[in-house]
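Okay, so here's the structure we're looking at.
In what follows, chains are A, B, ... by sequence order, proteins preceding strands, each numbered from 1. The shown structure was predicted, so the numbers you read here are calculated from the model rather than taken from an experiment.
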Amino acid sequence: MEALKESEADLVVYLHPSNAKCSNDAILSSLSSLLFTYSETFEGVVLAYDPNICSKLAKILPGIHPYFGVKLKARLLLFNPTPNMLLEGEVVKITPQSIHAVVLGFSSAFIADEDIWDDFKHKIKRGKEVYVSRSHKKHKIEVGTILRFAVKSFDEEILHISGSLVADHTGSSQWLDKNLNEWSQADSTTKKRKSGEGEAEKPEDGRLMMKRETSSPKNDKQAKKSKKRRKEHS
Amino acid sequence: MGVPDMDEPSFTDSELDNHVKNALRAAIQGDNGFYNQLVAVIHHKERLVAEEVALLVTCLKAVTGAVSCINIVHHGTLLAAIFGMSLWNYGTDVMDALVELIVSLASSNGEYVDLCLEMLVVNFMPPSAPPAASYFVELLKQPRGLAKKTQVLDRVHSTLKDIANVVPLSPLRLEKIVRDRMPNIYTKEAFIVMYVENMLRLEGGAMGELVGSTILVSLVDRLIELDVEIAWDEILQDDFHKGMFDMELEDFEGHADHIEPDSNELTREALIQRFFCGNLVAEKLDSLMVLTFEHIKSCSESGRLVQVFEILLQSFQKTILTAYKAKFTQFVMFYACSLDPENCGKMFANVLVNIFVSGLNPEWRMSAVAYLASYLARAKFVPISFVAAMLDSVVNWCFLYCKNVDGDINPKSHKVFYAGCQATMYVLCFRMRQMIAVPRLKSQLLLMRIEDILGHPLKPLQVCLPSIVEEFLRLVKVNRVFSLPQSFPDYGLLESEHSRAFGGMERFDMFFPFDPCLLRKCDRYIRPNYVYWSMVRSTYDEDDGEGTSDEDVAEAYGGENGMSIPDDGSGRSYDEDNSDADEFDYSLDKMSITPRDSRFESRIHRFVQMPSKIRPSTSPESL
């Protein structure tokens, strides 16, 4: 996913003297207080951490409470959606005016009807609400679909994403992957060769692929194919 | 501008939505016509007739459709009107439309999540502004009031779940809001009880795993706050000493059925009335504790008791153990243990022993051992073998402690040691007979270094609470268990200078946390699992040869108002001076933590007839 990145951070955790006996636990609980909050320093929401305490020595701060600072290196998993990124999330609610999805299980995404591609029409089928594409009847968005959408804005406090389905290649991920794949198979050999290249490379970093996708439309199909392969692997 | 006539049936839903969207956009530009009308409709809540209800519902639905156009800054009045609505004021149609709007708002924009959650939490209780408050309090006593309550609260809780589905992080915000919005202890009982009901419903519901621990901790905090507010002075009244003095609280259960002719004919109800007449704080605490008990019971039935208990136990260590003068809140732990003696009961005792043996703060260690002693003595469901094991740990610690200590009495320096000794003696006062009845445990008891610690130069027998020491020594003599010094200088006293010294300012020497619960409604839950002293004492009673029957407890003290000195050597007489009694009682009022109990204890312990009167030999172990 585009918005995820891993980074190494040099951190200093300041612990209260009462934690001197159980510093490991204190460090972990201090780090866990960072979780699911947006941090300016790291430029993202911390989703996971993997600490690696470098040394057993810590510097004691002067002052009324002699906190001591433990240095450590940590690998952090950060989530930072920026406008125009493509993200995927599971749809949890559909109304005539909006689609609500949940990204990575914790971040709620809201797509208002102005931001839904006009091609999609809201229908009620068998008691369930669903958005169906007028041009491709099989392209459906309903509760439980994995939705791919573009980010419009991100509320850092409540981790709320405002998204849009206007851009290309947004909609039901499953359908997009399948159908663009089919198109690529029906294409000429040149394109097939290009998609062959893409497979050979098989980059792991999603960000890289998306960049390629947005910058050169020609490579779209091969990017989609690689992404599909990656999905199969993951 | 053409304001659409809302009564016309020709508008479709999406057209209405568009109208509202246009109105909202126009309001940003400064054109407030339709927008103000909209706000006015939402504000209108007095006695709505059918058309007005329909209008309100339509408006709410239209706003729901236009949620993406609402701007928190420009549409402040609209939002204020929406969030100011109370579900309690309306019928189910409006309620449904309103909650749908709330869910839409919460899911559309992160800025509204907190506001929506707060609005829902405020709806845990009916509006509490003065004119409405009394109306609702009365209404809730009637069946239609209860129906309304179900309607509102069901919707509130399902809405909270819906929001959590769409905004997965909302439970995190919710727990903070629930905690912060909890009514303070001065709120009317009906409201605070309803709020706590809702809190417990959340804990037991789908979000329980996420918000449960904060809720339980906040609840215990509130209980302790109420507990501490109850002043003992209000409970103790002067005339309490005189007539009813000899009656134990427990007797009154019997009295409800048959009145003792020569007693003061005070039923338990009257006694409780005396304790708590007009004491609103006590009544609130009573109701809240009953709610807590019921919740714990339902957790037990659904198999979650151990997880809930662990949270309660942490809260206990943080707030109840460390509170000064906690009177009744600890019974929450007692009740939970009674439902699951194997796991929770043992966990509780083990934690207390650990704090005593290896804690750092001496006051907390003394408090912990006092809790442990009171618990082991009073909990019917604790198996005697476990009591023996716990005693073993305590005695062992005391032994190791005094092995390395020279010197004489020093109540202040060795207060933890004295607390341990007193705890041991207290538990044995209640449990000795049970223990020596089992040969294995009797030998375990004899192997414990009790003689060593009690006979040590630190002289715990002189420092610990005299009434307990007396009773213990009497039992030891009667049962011929240990060889301990028999003479005892502070004969007949409840407390002594030494015991006050070791007890310190908090009077840990007279701290018996699980003494009979004085809250009427709670007592019903506790009673079946509770050991009253008279139940135990009657096993020591050689005379009537009756076994341990609870029913004739009533007779134990009922007739004995005076200081009769029996010649039958029964252990029920009181051998002390009347004046002594008064003097102690008054001084007790000023100082002790559980004065009620100390008088209670003192009555029990004073029937020891020590050296001054030679008792005719009584057959010791014929029971």
- [ ] Check step by step if side-chain contact (heavy atoms from CB on, under 4.5 Å) holds for B/Leu169 and A/Ile158.
- [x] CA-CA 8 Å; B/Leu169 290 178; A/Ile158 189 93; 5.6 Å; no
Open item on the list: Taking ring pair (Phe, Tyr, Trp, His ring centres under 6.0 Å) as the cut-off, I'd like each qualifying pair that reaches into residues 19-39 of chain A, sequence neighbours left out, listed once.
Closed with: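 Qualifying pairs: A/Phe36-A/Phe106.
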Can you establish whether the number of heavy atoms outside [X] located under 6.0 Å from its atom [atom1] is more than 12?
X        : atom1 : result
A/Arg134 : CZ    : yes
A/Glu157 : CD    : no
B/Gln307 : CD    : yes
A/Lys128 : NZ    : no
B/Gln314 : CD    : no

Open item on the list: With a strict 4.5 Å heavy-atom criterion, list every residue of residues 93-102 of chain A that contacts chain B, or say none.
Closed with: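 At a heavy-atom separation under 4.5 Å, chain B is reached by A/Lys93, A/Gln97, A/His100, A/Val102.
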Side chain, backbone, both or neither of [X] within contact of chain A (heavy atoms, under 4.5 Å):
X        : value
B/Asp17  : side chain
B/Val113 : side chain
B/Ala106 : backbone

Task: Side chain, backbone, both or neither of A/Asp113 within contact of chain B (heavy atoms, under 4.5 Å) - done: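 Interface part for A/Asp113: side chain.
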Task: Leading residue by heavy atom contact count with chain A [cutoff under 4.5 Å; candidates B/Gly65, B/Ala66, B/Ser107, B/Cys69] - done: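 Highest number of heavy-atom pairs under 4.5 Å: B/Ser107.
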TODO: Measure the CG-OG distance between B/Leu360 and A/Ser18 for me, rounded to the nearest 0.5 Å.
DONE: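 The OG atom of A/Ser18 is 11.0 Å from CG of B/Leu360, to the nearest 0.5 Å.
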Task: Separation between OG of A/Ser153 and CG of B/Asn109, rounded to the nearest 0.5 Å - done: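 One finds 8.0 Å between OG of A/Ser153 and CG of B/Asn109.
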Please name the pair of heavy atoms, one in [X] and one in [Y], separated by the smallest distance, quoted to 0.1 Å.
X        : Y        : result
A/Asp155 : B/Gly110 : OD2-CA, 3.7 Å
A/Gly105 : B/Pro168 : O-CB, 3.5 Å
B/Ser108 : A/His160 : O-NE2, 3.3 Å

